[in-house]
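Computed from a prediction, not measured in an experiment: that's the story for all the values here. All ligand and atom numbering here is 1-based and tracks the order in the structure.
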Amino acid sequence: MESNMTPSSSEDFFSALWRQYIALSPQAARIQSLLAKPDTPLVNDHVAFRTFNRAPINIASIQPWLAQLGYVPLDSYVFEDKKLLAKSFVKEGAAQNLEHYAPLIFLSELEVEKLSLPAQAIIEKLLTQLDKSKLNGPAFFYSGQLWPAPSVTEYKALLAESEYAAWLSVMGMRANHFTVLVNALDSFTSLSELLSFLEQQGYSINDAGGKIKGSPAVLLEQGSTMADRQAYTFSDGHEEDLPTCFYEFALRYPTAEGKLYQGFVPASADKIFESTHKH
Ligand code: NI
């Protein structure tokens with residue numbers, strides 16, 4: 001499938017998204033082959049996207065394309081310190097047990113008006129250069145760079161206020177991460193066991209707020225690698241290795257009704273966002 005074609009199913013959507021993702025985060029493909037067994041493919045818990053709260057790319061504008069894939073809103077979240085709002089989406093009618101699990105989708109947006117005026121001006125400049133041909137349905141979510149590269153000065157100005165804004169200015173639209181549902185792994189029964197194994201294999205684990213975010217009490221434990229890096233050329237020709245995307249691991253606990261908890265835990269997600277910080 002061409003990358004600009006509308007996916008015909010949510011399965012096609014996630015395949016196209018994965019191909020784009022592992023091109024910038026090859027560690028995810030390597031980890032997938034370390035963990036997957038021929039008879040037990042990995043279960044993807046969720047994918048996450050970043051955007052600005054500005055039409056036509058804010059959550060309200062782009063969520064109809066998730067509806068085209070059969071996804072409906074589930075929950076809303078606020079990240080005060082990071083100046084973000086977020087919404088989660090679930091495939092309508094999905095059983096969400098280990099046999100039938102549709103990945104959740106997590107959309108966040110930066111509250112641009114909460115940044116300084118110079119930072120807002122940089123973002124508005126990017127938005128005026130938005131490639132509108134990319135606003136074409138679900139394929140938007142893997143359409144990559146949305147505007148011409150910023151200058152290194154603009155990038156650093158954004159970075160000083162919001163790592164999220166800086167990342168989005170250069171990475172554009174793509175899965176910020178995919179997530180392994182640890183419950184579905186045969187060989188690991190705890191998240192700490194899995195993270196130790198990955199560290200032994202040479203992967204860096206995000207330890208902001210501790211390697212394991214959350215607990216059984218909040219029904220969700222999460223961890224992640226630090227993002228891969230790739231050379232990026234700014235508009236002024238300056239080249240630098242920048243953080244790209246990372247791989248996340250989630251262990252979900254059953255709710256009182258006996259179903260796997262389907263929410264996110266803001267205090268944990270807040271630290272997961274830092275997986276694209278420089279290290
Ligand atoms: Ni996540």
F246: hydrophobic cluster co-members (side-chain, 4.5 Å):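 Besides F246, the cluster holds I272.
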Pairwise side-chain contact, P216 with L251, heavy-atom cut-off 4.5 Å (strictly under): no
Protein N/O/S atoms closer than 2.8 Å to the Ni ion (ligand 1):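 Under 2.8 Å from the Ni ion (ligand 1) - ignoring waters, which are not counted - the protein N, O or S atoms are H46 NE2, H177 NE2, E248 OE1.
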Exercise answer: donor-acceptor pairs, residues 61-68 side-chain atoms, under 3.5 Å, sequence neighbours excluded:
| unit_1 | atom_1 | unit_2 | atom_2 | d |
| --- | --- | --- | --- | --- |
| S61 | OG | N58 | OD1 | 2.4 |
| Q63 | OE1 | K87 | NZ | 2.8 |

Residue pairs involving residues 239-251 (criterion salt bridge (charged side-chain N to carboxylate O under 4.0 Å, His left out); sequence neighbours excluded): K156-E240, E240-K278
H46 and H177 aromatic ring geometry - parallel, tilted or perpendicular at 30°/60° bounds: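 H177 vs H46 ring planes: perpendicular.
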Salt bridge flag under 4.0 Å for residues R252 and E221: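 Answer for the salt bridge query: no.
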